[in-house]
Amino acid sequence: MPQIAPSLHRDPAPSADKRLSNTEIAHQLTTLAQLLASAGENPFKIKAYRRAATTVQSLPESVHELVQSDADLTAFAGIGKGIAGAIREIVQSGNLRMLDRLKANVSPELAALSEFPRLDPKRVQQIYRKLGISSVSALREKLDAGEIGRLLGPRLEHHVRQALITSHELLLHDVDDIAAAAEDFLRQRGGAKRVEAAGDFRRRVEVIRELNFVIQTDDFAPVVDELQRYGGHSELVRADAERATVRLPIGILLTVELATTARWGLALLLATGAEAHFGALEAAGHDLAKLARSRQRFPTEESVYAALGLPVIPPELREGLDEVARAEADDLPRLVALTDLRGDLHMHTTASDGAHSIEQMAAAAKERGYRYIGIADHSQSLKIAGGLSEEALWGQIRRIDKINEKLDGIRVLKSAEVDIRIDGTLDYPDELLRELDYTVCSIHSRFGLSREQQTERILRAMDNEHFTILGHATGRLLLRRPGYQIDLERIIAQAQARRCTFEINASPDRLDLSAAHARLAREAGLKIAINTDAHSTRELDFMRCGVDVARRAGLTKKDVLNCLTLPQVVKALT
DNA sequence: GCCGTTTTCGGCCCGACTGTTTTCAGTCG
């Protein structure tokens, strides 16, 4: 079929032809970062370009338009004068001279690698040499054939796989800001009259692939049009008269569903999920599908659940576990809330790898309404994190006593994040551990032990009478690293026998215990701590993420150790 | 290259251990 000549009716302005999306601009910045990395440039400079690229990808506004309207790009985090200039050059000329120069100076295979921002050029060149290949397509073939794993080991294989597959998942904590921006966008640019988040995000699932909103508007088509302009351009994945999905520049999907006032509650419930929850409702004889077919009004979720003869089930519990049975028995838990927390039992200070002093952490905690905090700096064997020597911990104990004399309204508890050594012994002698109010004991080494060995290691550690809380029980890092293998049921049984407990580590990439694990611990009757593991005053705000997990696990404030008052917690810890 | 409750320079972890690709790169917080 012959090419059709461009229509003469169209706007002929050449500069308007190619409007770069934020994705394309960010891509140039990450490509540049890759080439700088290959050229052995200053790592901080490389990081700066990567960070700026992420910022560009996260913006709902079109950076192209921002440049054209002469907006100040340096107002955005991680974009200073230099990178703002680079972005302007990309938008105005379509390319970046520095990038072209660097490309011209490297071999074609290295230049090709720069298209894959997460591929480490050094490691790939190593693979190229050993396998006698020189292209990304060959690399992909070798990966698929299992040769990289077989010849070069699982770690390199993992690296290549991660780098070649574009990530379409984000941590819940990172999506919080994106969801807020998307909601604004839908109201202001889309003209939506009412917007409410649903889906996994509303159920507070720890990793998000798709962001869902239910919206109300008189005209859905302009919303769909506008969504495709999100971040300059967002690819339309699917759309019909009442539902549209785009892929945002940052990688995750955004789905918007139209609802009326009369059916708002039903639409919200259906968009919130999870499928397993609907399955559990159906299995218990609650015919949600019939309600959906009816002409009845369901303006709120309350009205939907009421029609099913049930109280409202909190979104965090809608996973098809025991929530429907508990709702039927009028036995839904009153889930723990952020305001129920009275303290935080795991944080670091400048004594090890934290950014703030004991006094600063205490002041910041007091501002958040806490009555106590526990300082749990790293122990001596964790050199990289500046773990405290025995002498240093003795000194910190004395210092905390002095600080407590001066503090008003908040008490600092003495603790340490004590390494569980390979043989299951703790990283400080008993006579020192005895001086602490409690301990957080964690594994920070030898993740590769077998399930049996790792479990034994923790069980042995719990034999120590000074063991109080198991820190980040599995060591997982979401989207980066699976945890080490443990037999949690045996460890829970030992915790019951030895009067130990667990924490939900609220660090957004840990969330460890997971909701499923926290549920098991709760069912065993253990009181679980929700701890931020904060390394700065700002990270005390991670508590919200831990509370999300606790709620998904069905925890009430009675199940949470640091919902106790100061006298109660002191008693519970002795 | 960015940034500032250590603000216009000098920071932005980094240091010991692990384990096999057996000699240094990856990994822990």
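Just so it is clear, the values below take in all heavy atoms, side chains as well, and ignore hydrogens, waters and symmetry mates. So you know, we letter chains A, B, ... as the sequences are listed, proteins then strands, and number each from 1.
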Using a 4.0 Å heavy-atom cut-off across all strands, classify [X] as base, sugar-phosphate, or nothing.
X: A:Ala52; result: nothing
X: A:Ile79; result: sugar-phosphate
X: A:Ile384; result: base

Without decimals, in angstroms, what is the distance between [X] [atom1] and [N] [atom2]?
X: A:His356; N: B:dC13; atom1: NE2; atom2: P; answer: 14 Å
X: A:Lys81; N: B:dT7; atom1: NZ; atom2: C1'; answer: 16 Å
X: A:Arg481; N: B:dT27; atom1: CZ; atom2: P; answer: 10 Å
X: A:His444; N: B:dT18; atom1: NE2; atom2: C1'; answer: 17 Å
X: A:Leu29; N: B:dC2; atom1: CG; atom2: P; answer: 11 Å
X: A:Gln380; N: B:dG15; atom1: CD; atom2: C1'; answer: 16 Å
X: A:Lys45; N: B:dC3; atom1: NZ; atom2: P; answer: 16 Å
X: A:Arg538; N: B:dC3; atom1: CZ; atom2: P; answer: 13 Å

How far does the [atom1] atom of [N] sit from the matching atom of [M], given to the nearest Å?
N: B:dT8; M: B:dG1; atom1: C1'; result: 15 Å
N: B:dC13; M: B:dT27; atom1: C1'; result: 15 Å
N: B:dC3; M: B:dC17; atom1: C1'; result: 34 Å
N: B:dA16; M: B:dG11; atom1: C1'; result: 24 Å
N: B:dC9; M: B:dC14; atom1: P; result: 22 Å
N: B:dT7; M: B:dC12; atom1: P; result: 14 Å

Which nucleotide in [options] has an atom nearest any side-chain atom of [X]:
X: A:Arg446; options: B:dG19, B:dC13, B:dG29; result: B:dG19
X: A:Ala48; options: B:dA16, B:dC2, B:dG29; result: B:dC2
X: A:Arg51; options: B:dG29, B:dG1, B:dC2; result: B:dC2
X: A:His472; options: B:dC13, B:dG1, B:dG29; result: B:dG29

Query raised in the report: A:Ser445 or A:Tyr49: which one's nearest nucleotide on DNA chain B is closer to the 5' end?
Result: A:Tyr49

Report summary line: The answer to which of A:His348 and A:Ala84 contacts DNA chain B further toward the 5' end, by nearest nucleotide, is A:Ala84

**Report entry** Distance-only donor-acceptor test, A:Asp533 side-chain atoms vs B:dG29 base atoms, 3.5 Å
**Finding:**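 No, the side chain and the base share no sub-3.5 Å donor-acceptor pair.
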
Can you confirm whether [X] sits close enough to [Y] that some side-chain heavy atom of one is under 4.5 Å from a side-chain heavy atom of the other?
X: A:Asp463; Y: A:Leu459; answer: no
X: A:Thr468; Y: A:Cys441; answer: no
X: A:Gln494; Y: A:Glu489; answer: no

**Report entry** Contact under 4.0 Å: A:Arg50 side-chain N or O vs B:dG1 OP1/OP2
**Finding:**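 Checking B:dG1 against A:Arg50, no side-chain N or O comes under 4.0 Å of OP1 or OP2.
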
Query raised in the report: Taking NZ, NE, NH1 and NH2 as the nitrogens, is one of them in A:Arg490 or A:Glu456 under 4.0 Å from a carboxylate oxygen of the other?
Result: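 Salt bridge flag = yes for A:Glu456 with A:Arg490.
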
Query raised in the report: Is the shortest distance from a Lys or Arg side-chain nitrogen in A:Arg457 or A:Asp423 to a carboxylate oxygen in the other one below 4.0 Å?
Result: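 No salt bridge links A:Arg457 with A:Asp423.
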
Query raised in the report: Is there a donor-acceptor pair under 3.5 Å between the side chain of A:Arg204 and the backbone N or O of A:Val549?
Result: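 No.
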
Report task. Give none if B:dT8 has no partner; otherwise give the nucleotide forming a Watson-Crick or G-U wobble pair with it, both distances under 3.5 Å. Result ->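 Per the H-bond distance test, none.
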
